[in-house]
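Everything on this sheet refers to the single structure shown next.
These numbers were taken from a predicted model, which means no experiment stands behind them. Note on naming: letters A, B, ... go to the chains in the order of the sequence lines (proteins, then strands), and numbering restarts at 1 for each one.
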Number of protein chains: 2
Amino acid sequence: MAKRSDTGEAPPLGFVEHDHGACRAAALAHARAVCVERGLKLTETRAAVLDILLESHAALGAYEVLRRLGAARGSAPQPPIAYRALDFLVANGLAHRIERLNAYVACARPGADHAGAFMICNGCGAVAEIPGEAAAKGLSRSADALGFDIARAVVEAEGSCPACRAASPESGS
Amino acid sequence: MAKRSDTGEAPPLGFVEHDHGACRAAALAHARAVCVERGLKLTETRAAVLDILLESHAALGAYEVLRRLGAARGSAPQPPIAYRALDFLVANGLAHRIERLNAYVACARPGADHAGAFMICNGCGAVAEIPGEAAAKGLSRSADALGFDIARAVVEAEGSCPACRAASPESGS
DNA sequence: CCTAGTAATGTTATGCTGTAACGGTCAAGG
DNA sequence: CCTTGACCGTTACAGCATAACATTACTAGG
Ligand SMILES: [Zn+2]
Ligand SMILES: [Zn+2]
Ligand SMILES: [Zn+2]
Ligand SMILES: [Zn+2]
């Protein structure tokens, strides 16, 4: 495949093979560091939810998170438990909400600026997070022309990841 | 205001003053033409739902459409009635789904290519539909670099329209 | 005309997504 | 001690969406 150091971009996790154990540990460590730095509390529940999201680079619905949280605890927590933790993670850039799926994914670019864009594979459910600049640039030019002030941009592309394209080429061009 | 003929782009309805009665009639006429051309049936229910969406350039939730449909008929239709009509309109490019809002808006660019992007005003709920090219270009370059095949892109910016910025400038820069 | 097929609508029931509201727990600080 | 504030636990409900099946309407063929 293409080299990836030639553009200076971060490697796009989600579709590429990588040491996910390290990936997960690094994200968790980063979360702890961020919370210390900002005076936030990464409580047991929040850490557990983040860890659940970090199980893979797929997006999980709130109720799926809730189920796994219940399995991890032995009890059966109610929806607000999951939503509050997810809201905390999203508000602090540790996770993202995928609007197209009404689902949540752990942040794959710890510490980045966080105007991210996402590529969602319909085959395997993997989600890759990429810098949003490319899309945001064109978008903000359009917004300027309109006099519109962008507070937040949702950029989500749905399609087939390299692995899924290789596995079922009938849907290709 | 800024001239709008200097870029060759279509005028961005939704945020600009315009003769909305004509806008609505033209959209309805276009819908009829499209259906005739493609051998589709713009039934009473479908036309009614499209007309409801065309009441303004704001997005409506399915249940709000349902309520208005009930008001227009005198009966109280069930959710699938609205969803089926909305699905038909979306499938044929006569309306669009706004993922961020779980809501639907009439197409404001009849006959266009339909890889549109949307600007959603948090103040007044107006939605402007703009050509998606600007964002799509950067996005597809990223996708190519990843080996990702984009089937559909969701591009939705949330913020303040010119009118709402003027009305409440405290949230400005 | 009658019939069979298809497309759309009507109806029932249910599941997924998200939040309001209130009470309990625990730690920090006067 | 007693307040304050942040978080957690629980109940109840609101909003979004679809599966499944019954019914109606339109259409093509006999
Ligand atoms: Zn990973
Ligand atoms: Zn895939
Ligand atoms: Zn209009
Ligand atoms: Zn506005």
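In terms of heavy atoms, L94(A) sits closest to L50(A) at O-CD1, 3.8 Å.
Here R84(B) lies in heavy-atom contact (under 4.0 Å) with a base. Across all strands, P80(B) comes closer than 4.0 Å to base atoms (heavy-atom distances).
If you take CG of L66(A) and P of dG9(D), they are 11 Å apart, rounded to a whole angstrom. The CG-C1' distance, from L42(A) to dC7(D), rounds to 13 Å in whole Å. Whole-Å rounding puts the D87(A) CG to dT19(C) P distance at 7 Å. If you measure from atom CD of E64(A) to atom P of dG15(C), you get 17 Å, rounded to the nearest angstrom. Rounded to whole Å, the distance from NZ on K41(B) to P on dT9(C) is 9 Å. Rounded to a whole Å, the CG atom of N102(B) is 11 Å from the C1' atom of dC16(C). Rounded to whole Å, atom P of dA17(D) lies 11 Å from atom CG of L101(B). For the pair N92(B) CG and dA8(C) P, the interatomic distance rounds to 10 Å; values are reported in whole Å.
Summary of the strand contacts: A103(B) and E44(A) both lie near DNA chain D, and taking for each the nucleotide with the nearest heavy atom, the more 5' one is attributed to E44(A). Both R67(A) and T45(B) lie close to DNA chain C; mapped to their nearest nucleotides by heavy-atom distance, the more 5′-ward contact belongs to T45(B). For the pair A76(B) and L40(B), nearest-nucleotide mapping onto DNA chain C gives the more 5' position to L40(B).
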Exercise. Start with the C-alpha gap between K137(B) and E133(B), add the side-chain angles, then the distance that decides, and say whether salt bridge (charged side-chain N to carboxylate O under 4.0 Å, His left out) holds.
Key: CA-CA 6 Å; K137(B) 185 140 297 183; E133(B) 302 169 23; over 6 Å; no

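Considering only side-chain N and O atoms, R73(B) lies under 4.0 angstrom from the phosphate OP1 or OP2 of dG10(C). Contact check, T43(B) against dA8(C): no side-chain N or O comes under 4.0 Å of OP1 or OP2.
Closest approach to the Q78(B) side chain among dT18(D), dT11(C), dT19(C) is made by dT11(C) (side chain taken as heavy atoms from C-beta onward). Minimum atom distance to the side chain of I81(A) is reached by dC8(D), of the listed dA17(D), dC8(D), dT11(C). Set against dT9(C), dC7(D), dA17(D), the side chain of R46(A) has dC7(D) as its closest nucleotide.
Remark: of the listed residues L89(A), L60(A), I81(A), L89(A) is the sole one forming a side-chain contact (heavy atoms from CB on, under 4.5 Å) with V49(A).
The aromatic rings of F15(B) and F148(A) sit parallel to each other, their planes meeting at less than 30°, with 60° as the upper class boundary.
The environment of E55(A) atom CD is dense: over 12 non-hydrogen atoms of other residues, nucleotides or ligands sit within 6.0 angstrom.
Scanning atom types as modelled, no donor and acceptor separated by under 3.5 angstrom connect the side chain of Y63(A) and the base of dG15(C).
No aromatic stack links Y83(A) and the base of dT19(C), using centre distance under 5.5 Å and interplanar angle under 30°.
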